[in-house]
Amino acid sequence: YYALGCTLYTLATGRQPFAGDDTVQILARQARSDYRKLAEARPDCPPDLSELVELLMHLQPQQRLTDPEVVLAYLRASRAWRVSAADE
């Protein structure tokens, strides 16, 4: 589910959530959950999508969303939003 959150983030923003000059820097940011939140990176995205990404990428694994039915509900709630190349 964490990887799904990262993938959704990347699809919505066009960039990976964790950036750095090298692998060590990227892993350190990942360990601290140091990334620009989706709502900040794409203020036009639906709140449901932003919340879903936050729940999937929670720093503490036991606090991450792992219920596929809930994930599907969030995705359905935000499905009207479309990302296009013209937005960039």
Side-chain angles (χ1 to χ4, degrees):
Y1 291 94
Y2 181 83
L4 175 59
C6 291
T7 300
L8 291 172
Y9 184 97
T10 302
L11 289 171
T13 65
R15 60 184 79 85
Q16 296 177 348
F18 306 102
D21 295 331
D22 56 38
T23 304
V24 173
Q25 202 175 56
I26 292 169
L27 290 174
R29 287 189 174 164
Q30 189 176 20
R32 293 187 314 267
S33 196
D34 179 15
Y35 66 98
R36 189 172 179 205
K37 304 301 182 200
L38 181 56
E40 296 169 12
R42 285 300 301 257
D44 62 323
C45 81
D48 292 314
L49 181 59
S50 181
E51 185 177 350
L52 174 60
V53 169
E54 295 299 315
L55 291 169
L56 291 170
M57 292 178 58
H58 199 284
L59 183 59
Q60 301 300 322
Q62 65 274 19
Q63 295 180 351
R64 287 185 198 138
L65 178 59
T66 58
D67 184 333
E69 293 298 321
V70 176
V71 171
L72 185 58
Y74 272 101
L75 290 173
R76 285 184 174 146
S78 62
R79 72 180 171 192
W81 184 68
R82 301 286 188 252
V83 177
S84 70
D87 290 341
E88 297 301 317

Tightest non-hydrogen contact, residues Thr66 and Pro68, listed as O-CD, 3.3 Å

Query raised in the report: Relative to each other, are the rings of Phe18 and Tyr35 parallel, tilted or perpendicular (30° and 60° limits)?
Result: perpendicular

In this structure, NE2 of His58 is separated from CD of Gln63 (nearest 0.5 Å) by 4.0 Å

The reported gap from CG in Leu27 to CZ in Arg32 (rounded to nearest 0.5 angstrom) is 11.0 Å

Correct closest heavy-atom pair for Asp48 and Tyr74 would be O-CD2, 3.3 Å

Rounded to the nearest 0.5 Å, the CG atom of Leu38 sits from the CG atom of Leu8 at a distance of 9.0 Å

Exercise. Honestly curious: do Leu65 and Leu59 fall in one hydrophobic cluster under the side-chain, below-4.5 Å linking rule?
Worked result: no

Distance col, row Thr7:OG1 vs Leu56:CG, nearest 0.5 angstrom, shows 10.0 Å

Nearest heavy-atom approach of Ala41 to Arg15 is CB-NH1, 4.4 Å

Rounding to 0.5 Å, atoms OG1 (Thr13) and CZ (Arg36) come to a distance of 9.5 Å

Report task. Kindly indicate whether the side chain of Pro61, heavy atoms from C-beta on, has any atom under 4.5 Å from the side chain of Tyr2. Result -> no

Nearest heavy-atom contact between Val53 and Gly5 is CG1-O, 3.9 Å

| task | For atom CG of Asp21, decide whether the heavy atoms of other residues, nucleotides or ligands shown that lie under 6.0 angstrom number more than 12. | result | no

When rounded to the nearest 0.5 Å, the distance separating CZ of Arg42 from CG of Leu49 is 10.0 Å

message: Is the shortest side-chain heavy-atom distance between Tyr1 and Leu55 below 4.5 Å?
response: no

### Message
Is any side-chain heavy atom of Glu51 closer than 4.5 Å to one of Glu54?
### Response
no

Is there side-chain contact between Met57 and Pro17, with at least one heavy-atom pair below 4.5 Å?
-> yes

>> Taking CD in Gln16 as the centre, count heavy atoms belonging to other residues, nucleotides or ligands within less than 6.0 Å. Is the count above 12?
In response: no

